[in-house]
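Note that ligands are numbered from 1 as they come in the structure, with each ligand's atoms numbered from 1 the same way. Excluded from the calculations below are hydrogen atoms, water molecules and symmetry mates; all remaining heavy atoms, backbone and side chain alike, are included.
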Amino acid sequence: MPLADGPRWMVRRSGHAFNSFQGIVRTLRRFPDFQPRFGAHVVQLHWNPQTSRVDSVIYVDRSTGETRQIEGAAVVVAAGPLASTKLLLQSTSSDFTEGMGNRHGVLGCFLHDHPNEWSVLELDSPLPVLDHNVYLTRLPYTELPPLMGASVIFCAISKSDRLLSLTPRTTRRFGVLTFSTTTPTQETRVRLHPERKDEFGFPVLDIRMQFGPEVRSTLQATYARLQAILEAAGYHCTLTRQEEDLFPGYSAHYGGTVRMHESPAYGVLNAWSRLHDVPNVVVADASAFTTGVEKNPTLTVMALSARAADRLADDLMRDNMTSTRGSSRALPAFR
Ligand SMILES: Cc1cc2nc3c(=O)[nH]c(=O)nc-3n(C[C@H](O)[C@H](O)[C@H](O)COP(=O)(O)OP(=O)(O)OC[C@H]3O[C@@H](n4cnc5c(N)ncnc54)[C@H](O)[C@@H]3O)c2cc1C
């Protein structure tokens, strides 16, 4: 089914809209100071106890199999909620025995996801074929349990319908994409697997998450509302789910696990997306989220990352890396 990027004649999806290589990295390659290392799989951040900073990154060159180390004044980790967290968890040292920046045991906790379903909506009388998506926002906060919500996106049912929207055609069938939320808790989490190893000899990630009954009931309330709105407009409709896709990971929209909080007891990152305990490490992806909404995540990830990058650049120029540590109130320990 078509996704929400590109003009209506763009039938073949390239995925460029969410691809930072196409959007950013490729354009930077003309600058001599920009030196990308392709095929570099980062396995650890190296902590220097003398300076209380991360001073280098250790990576495996996939083409040669060599392990290499590269120094830097600061590190931006942007591998996504699962891989960034894995990297931090496996970056242990005498000061961080449970993972980089994980003095309070919060790293890896509060994972959340975007439950996502595709359905076909059939109307008893036709409407114009859609050339753009139509968004039905969530129910009011008072009508659903805390942190729960679901949105609905109507779209053309097929690529050919999208092309046909260039002509004055009508249809009885539309695609419906629903995004819901989950409530992050201490139990929904990732951790390093006690036995299984990845290809580099580090533990694989063990993901602990299940969708509770509140996810299905939130979606049902949303579908009932959608049908009521259409009935009120004079359209009777039926909704048919396309496949059983209500399981964690289906939407590839994980969030949390390196959450931002004013207090290191409840979050790993400060307000500038730096590790509370490591001033020269930024985490710039959806792992910074404290909770997930029913909206798509990428623009918020980009906004937080741009904000964090501006501040990091300022601090590097002034060598002012320690001033960004978040002021924190004394709160009970997380565990
Ligand atoms: C099919 C699909 C459709 C989507 N549609 C939407 C949408 O419509 N709207 C929306 O908002 N979002 C959408 N998303 C989600 C969106 O793709 C992500 O939110 C976005 O790509 C996150 O960007 P990122 O740079 O944080 O992470 P990623 O794009 O996941 O990039 C992380 C990079 O880090 C690399 N990496 C991981 N580990 C290591 C390591 N140890 N060393 C070196 N590199 C490493 C990975 O190879 C990857 O290139 C969609 C996702 C999918 C899969």
**Q.** Option of least heavy-atom distance to atom 15 (C) of ligand 1 (set: K295, R62, H253, R37)
**A.** H253
Q: Check the angle between the aromatic planes of F289 and H112 and answer parallel, tilted or perpendicular using the 30° and 60° thresholds.
A: parallel
Q. Is there any N or O on V42 that sits under 3.5 Å from an N or O of ligand 1?
A. yes
**Q.** Gap between atom CD of E122 and atom OG1 of T238 - 0.5 Å precision
**A.** 5.0 Å
Q) D285 heavy atoms, cut-off 4.0 Å: which ligand 1 atoms fall inside? A) 26 (O)
Q: May I ask you to check whether H276 and N270 show a side-chain donor-acceptor distance below 3.5 Å?
A: no
Q | Side chain, backbone, both or neither: S84 near ligand 1, heavy atoms under 4.0 Å | A | neither
Q. What do you reckon, does P297 put a non-hydrogen atom under 4.0 Å from ligand 1?
A. yes
Q: Pull out every atom of ligand 1 sitting under 4.0 Å from any heavy atom of A252, numbered as shown with elements.
A: 15 (C), 53 (C)
Q: Have a look at G39, A79, S251, A40 and point out the one with the heavy atom closest to atom 43 (C) of ligand 1.
A: A40
**Q.** CD on Q90 to CD1 on I58, rounded to 0.5 Å
**A.** 10.5 Å
Q: Compare L177, L82, L299, T298 and give the one whose heavy atom is closest to atom 20 (C) of ligand 1.
A: T298
(Q) Between L45 and M100, is there a side-chain heavy-atom distance shorter than 4.5 Å? (A) yes
Q: Assess whether salt bridge (charged side-chain N to carboxylate O under 4.0 Å, His left out) is satisfied between R191 and E98, documenting all intermediate values.
A: CA-CA 10 Å; R191 59 175 196 174; E98 301 298 316; over 6 Å; no
Q. Which atoms of ligand 1 are found less than 4.0 Å from any heavy atom of H41?
A. 40 (C), 41 (N), 42 (N)
Q. Just which atoms of ligand 1 are under 4.0 Å from any heavy atom in A83?
A. 37 (C), 38 (N)
Q) Given the side-chain rings of H114 and F179, with only the six-membered ring counted for Trp, is the space between their centroids under 6.0 Å? A) yes
